[in-house]
Amino acid sequence: MWGALRRKCGLTTLVSSLCDVQNHDQTSEKLVSMASTPLINSFTAAKEDAAAFTSKQNQNGGDSVGMKSLKALVLLGAGVSGLFGFAGIAAADEAEHGLDCPSYPWPHRGILSSYDHASIRRGHQVFQQVCASCHSMSLVTYRDLVGVAYTEEEAKALAAEIEVEDGPNEEGEMFARPGKLSDRFPKPYANEQAARFANGGAYPPDLSLITKARHNGQNYVFSLLTGYRDPPAGVSIREGLYYNPYFPGGAIAMPKMLNDGALEYEDGTPATEAQMGKDVVTFLSWAAEPEMEERKLMGFKWIFIFSLALLQAGFYRRWKWAPVKSRKMILDVVN
């Protein structure tokens, strides 16, 4: 009886164990299936994404080639447009401001350079015999020439050659007297209307500050005086005007005034066109900046003084701080 019961219990345990094993296997398969499903789905999605990315890359590759070609065309078009635009601006600038003047090596342009006073004297002679018939220099007096181009006696003799209206006298009338050192250079015309009437409507500018009043002043004035040419083909100049590419618009009312041998210099220098142009521009540059030499000399003196002060300050700094910076400090952590 007890043996049959044991066998029945053992069979029941075996069947229960087999059922547990089967249930465990089913559970395991279910878990494996549940765990593997996301992986399979992820793998499939990744595969699809990779295929889509590859096709997109291929498409973008084709598009990038097209975009590169389009960008190259756009840049080429912009460059050509900019080139033509720059050429148009240059042409418009030339028409508005005249041909760009070359740069000449003026001897007084250096940092420590001074005026050529012999050239200033010759330039005053050119102005007096050529330019003064139309142009004025209302800001320059005869005493300004003393010690620069003439002695005091020579400047007084030059001033005495003109007549100046002065007055009134005791009778209340104006009178004419010989010029003196304090008088300014005489004006060729009484007023602007008279000047325009005598020059066909053009007004000759005052030359006192002409090298400062014009862009690239000295080079511009020299190029203008020596730059008269015959008009090129296709350019017509109306009667009464003359072609000069350095003048704005190319047509100027002033005729060519500087010609070889137009005057004789007092010192025997050959009066060529270029020599007269160089001398009168030097004279006009001095008239516009008569203080230039003094300013340069004063600047050099101040630079020298500041250099000495800088050396003294550097020596004092080394003397004051050298003992402090070279001091050696020892920290005794034991005592």
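A centroid separation of less than 6.0 Å is found between the aromatic rings of Tyr104 and Phe222. With ring centers used as reference points, Phe315 lies 6.0 Å or more from Trp319. Taking the six-membered ring for Trp, Phe185 and Tyr142 have ring centres closer than 6.0 Å. Residues His135 and Phe127 keep their aromatic ring centres 6.0 Å or farther apart.
Looking at every heavy atom in both residues, Pro323 comes nearest to Lys320 through CD-O, 3.8 Å. The nearest pair of heavy atoms linking Pro178 to Ala160 is CB-O, 4.2 Å. Nearest approach of Tyr115 to Ile120, heavy atoms of both residues: CB-CD1, 3.6 Å. Closest non-hydrogen pair, Asn244 versus Leu224, comes out as ND2-O, 2.8 Å. In terms of heavy-atom proximity, Ser113 sits nearest to Lys296 at O-NZ, 3.1 Å. Across Ala155 and Val146, no two heavy atoms sit closer than the pair CB-CG2, 3.6 Å.
Thr226 contributes no side-chain N or O that, together with a main-chain N or O of Ala274, makes up a donor-acceptor pair within less than 3.5 Å. No side-chain donor-acceptor contact under 3.5 Å links Asp260 to the backbone of Ala271. Without hydrogens or angle criteria, Lys156 side chain to Thr151 main chain gives no donor-acceptor distance under 3.5 Å. In this structure a side-chain-to-backbone donor-acceptor pair under 3.5 Å is missing from Asn216 to Asn219. Using modelled atom types, no side-chain atom of Asn259 and backbone atom of Ala262 make a donor-acceptor pair closer than 3.5 Å.
Taking the charged nitrogens against the carboxylate oxygens, Arg184 and Asp144 have no contact shorter than 4.0 Å, which rules out a salt bridge. A salt bridge links Glu289 to Arg295: at least one charged side-chain nitrogen sits closer than 4.0 Å to a carboxylate oxygen. The residues Glu266 and Arg121 are annotated as salt-bridged, a charged nitrogen and a carboxylate oxygen being separated by less than 4.0 angstrom. With salt bridges taken as basic N to acidic carboxylate O contacts below 4.0 Å, one links Lys278 and Asp116.
Contact of the Tyr150 side chain with the Leu158 side chain is registered, since non-hydrogen atoms from C-beta on lie closer than 4.5 Å. Using a 4.5 Å heavy-atom threshold, the side chains of Leu297 and Lys301 count as touching. Inter-residue side-chain proximity for Tyr265 and Met276 is flagged as met; some heavy-atom pair is nearer than 4.5 Å. Side chains of Val148 and His117 form a contact here, defined as non-hydrogen atoms less than 4.5 Å apart. Between Leu310 and Ser307 the shortest side-chain heavy-atom distance does not fall below 4.5 Å. Residues Gln275 and Val126 have side chains not in contact (no heavy-atom distance under 4.5 Å, counting atoms from C-beta outward).
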Please report, to 0.1 Å, the donor-acceptor pairs under 3.5 Å made by any side chain of residues 196-203, with sequence neighbours excluded.
from	atom 1	to	atom 2	distance (Å)
Arg196	NE	Glu192	OE2	2.9
Arg196	NH1	Gly201	O	2.8
Arg196	NH2	Glu192	OE2	3.0
Asn199	ND2	Tyr189	OH	3.3
Asn199	ND2	Ala195	O	2.7

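Hydrophobic side-chain contacts under 4.5 Å tie Ile303 to no other Ile, Leu, Val, Met, Phe, Trp or Tyr residue. Membership of the apolar cluster around Leu209 extends to Leu139, as traced through chained side-chain contacts below 4.5 Å between ILVMFWY residues.
The environment of CD in Glu294 is sparse: at most 12 heavy-atom neighbours from other residues, nucleotides or ligands sit within 6.0 Å. Open room surrounds NZ on Lys187; 12 or fewer heavy atoms of other groups in view lie less than 6.0 Å from it. In the displayed structure, Ile305 atom CD1 is contacted under 6.0 Å by more than 12 heavy atoms of other residues, nucleotides or ligands. At most 12 heavy atoms of other shown residues, nucleotides or ligands fall within 6.0 angstrom of atom CD in Glu264.
Grouping the Ile, Leu, Val, Met, Phe, Trp and Tyr side chains by contacts below 4.5 angstrom, directly or via other members, places Tyr243 apart from Tyr220.
The residue from Leu99, Asp100, Val221, Ile252 that alone fulfils the side-chain contact (heavy atoms from CB on, under 4.5 Å) condition with Tyr246 is Leu99.
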(request) Start with the C-alpha distance between Gln218 and His108, add both sets of side-chain angles, then the distance that settles side-chain hydrogen bond (donor to acceptor under 3.5 Å, both in side chains), and finish with yes or no. (result) CA-CA 11 Å; Gln218 300 178 65; His108 53 270; 2.7 Å; yes

(message) Between Glu273 and Lys256, is the salt bridge (Lys or Arg N to Asp or Glu O under 4.0 Å) condition met? List the steps.
(response) CA-CA 10 Å; Glu273 178 185 358; Lys256 180 179 176 63; 2.5 Å; yes

